[in-house]
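What follows is one structure encoded as structure tokens, with my remarks underneath.
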Amino acid sequence: MKYIIVGASAAGLSVAETIRKYDKKGKITIFTKENYLPYSRPSISYYLKGRVEEKDIFLRKEAFYRANNIEIITGAQVEKIDCKKKEIFTENGSYRYDRLCLATGSKPFTPPVKNVSGNKNVLTFLDLATVKQVKNLAHKDARAVIIGAGLIGMKAAEGLTKVCKSVDVVELSPRVLPSILDEKSAVAVKAYLEKNAISFHLENTAVQANIENGLVKSVMLKNGDVLPCDLLIMAVGVRPETQLAENAGLEVNRGIITNPETMQTSDPDIYAAGDCTVSLDMLDGAKKIIALWPNAVQQGAAAGAQMAGVQNFTGGTYSVNAIDFYSLRICTCGLINAKGEQYRDEVKQSGSLEDNSFSYKRLIFEGDFLVGYVLINSSANAGIYTSLISNKIPLSSLCGDIMEEPSLFMFDKKTRTQKLRGGVEI
């Protein structure tokens, strides 16, 4: 059996490892347009600020691929798929497959800003190659401007405050980290980030850049403000990389359409996994792009098993984030921005940003079930809350106050047996 995987990040590596688990002899080939072996994309911000070395961000050592007979072809852009002949094409030749998986990930979304395109100091912040360029341009006298206050933009901002003179972040939304924070928590997080030398320009956007000798020297905002700029990071967001699938005639609607359990596409011999796919949110039934590392790994494992002839399913998907900013720990999960009368929430907040004692807990409920949470500096019970969500444990089966320490009150009413993590007796 010949297996080909296009893409070598979280999903692609998960596919390959799972195939090898079930098929010890099949030929596995991974194609990646990057010039690197699979690495941890979340770690590139730590590489930027010098907390990890380049060698430490790779997910596996070269010996692992040799031992498991997994071939990785780097610097290889797959240009075409012939579904009838079951063949892929690169600039260096064609390759036949029996099973193919597309794990092509995401590409940066760059909004149109006058005079920005093509300048040497305008970069994205999505892969190791571009982060190396950012690192080369960042220095103690550089003034950085970042367009976008989402996860990518804010990790870039955190890294650049360690090496740049100033960091300005421009965001169209009225709050920072709009995809993972609710309105209440975003106010406190913004204040904390401002303490760490980031200046925000919310409900604003860049409209024009001033250019000198092929470099952006300043950025004009919609409200007329002008920001001096030596380094411009475009981090508005990402879009699924679907062009290869579209050209092959696979079903695509924003992302690649798959069977949400098996990850099989509209072609029975082609699978897809990770950020390039449309996921089915198990909490609200919505079809959406869930571009998160754990989701990509889970989908890759399901796709790899199915490709090797083993019935293994994804088991449901929803958003989970765990991230640090300047030692501020943020964990979010599920439907944190749910709208509708069926939802309610409870909030517990204490401490102060001034002495770093601040903590925030918001739980979101739908009827008798927990469907989401936002935890800031209060993540001790995140695993328990996640289990309640993923296992859909009715809150009526529990005793005590869910806003307090779950380990102190989770008892089954009938048996009085202490239960944790979704009903496991301890």
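Along the sequence shown, residues are numbered consecutively beginning with 1. Atom set for the values below is all heavy atoms of this structure, side chains included, hydrogens, waters and symmetry mates excluded.
A salt bridge is defined here as a Lys NZ or Arg NE, NH1 or NH2 lying under 4.0 Å from an Asp or Glu carboxylate O, and Arg20 with Glu17 fails to meet this definition. Salt-bridge formation is not detected for the pair Asp141/Lys165: no Lys NZ or Arg NE/NH1/NH2 atom is positioned less than 4.0 Å from an Asp or Glu carboxylate oxygen. Salt bridge annotation for Asp127-Arg41: absent, with no cationic side-chain nitrogen under 4.0 angstrom from a carboxylate oxygen. Glu246 and Lys80 are not joined by a salt bridge, as no carboxylate oxygen comes within less than 4.0 angstrom of a charged side-chain nitrogen. A salt bridge is absent between Glu203 and Lys222: the closest approach of a Lys/Arg side-chain nitrogen to an acidic carboxylate oxygen does not fall below 4.0 angstrom. For the pair Lys190 and Glu194, the salt-bridge criterion is met [side-chain N within less than 4.0 Å of a carboxylate O]. Salt-bridge formation is detected for the pair Glu346/Arg344: a Lys NZ or Arg NE/NH1/NH2 atom is positioned less than 4.0 Å from an Asp or Glu carboxylate oxygen.
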message: Show, in sequence, the C-alpha distance, side-chain angles and deciding distance for His201 and Asp168, and conclude whether the side-chain hydrogen bond (donor to acceptor under 3.5 Å, both in side chains) test is met.
response: CA-CA 7 Å; His201 308 266; Asp168 287 274; 2.8 Å; yes
task: List the steps, then state whether salt bridge (charged side-chain N to carboxylate O under 4.0 Å, His left out) holds for Lys184 with Asp345.
output: CA-CA 12 Å; Lys184 301 172 185 176; Asp345 68 351; 3.6 Å; yes
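Pairing each heavy atom of Asp275 with each of Pro240, the nearest pair is O-CB, 3.6 Å. Smallest separation of non-hydrogen atoms from Ala144 and Leu160: CB-CD1, 3.9 Å. Annotation for Ala186 and Leu181: closest pair CA-CD1, 3.9 Å, computed over non-hydrogen atoms. In this structure, Thr18 and Gly304 approach most closely via the heavy-atom pair CG2-C, 3.9 Å.
Within a 6.0 Å sphere centred on NZ of Lys21, heavy atoms belonging to other residues, nucleotides or ligands number 12 at most. Shown here is Asn136, whose CG atom has more than 12 heavy atoms of other residues, nucleotides or ligands within 6.0 Å.
Side-chain N or O atoms of Glu171 include one that pairs as donor or acceptor with a backbone N or O of Ser173 at under 3.5 Å. Side-chain N or O atoms of Asp230 include one that pairs as donor or acceptor with a backbone N or O of Arg143 at under 3.5 Å. The backbone N or O of Glu251 lies less than 3.5 Å from a partner atom in the side chain of Ser266, making a donor-acceptor pair.
Remark: Arg239 qualifies as a cation-pi partner of Phe109 under the 6.0 Å distance and 45° angle criteria applied to the six-membered ring. With a 6.0 Å cutoff to the six-membered ring centre and a 45° limit on the axis angle, Lys348 does not count as a cation-pi contact of Tyr360.
In this structure, a donor-acceptor pair under 3.5 Å is present between the side chains of Tyr385 and Lys361. The closest side-chain donor-acceptor pair between Gln349 and Ser185, if any, does not fall under 3.5 angstrom.
In this structure, Asp56 has no salt bridge (Lys or Arg N to Asp or Glu O under 4.0 Å) partners at least two apart in sequence or on a different chain.
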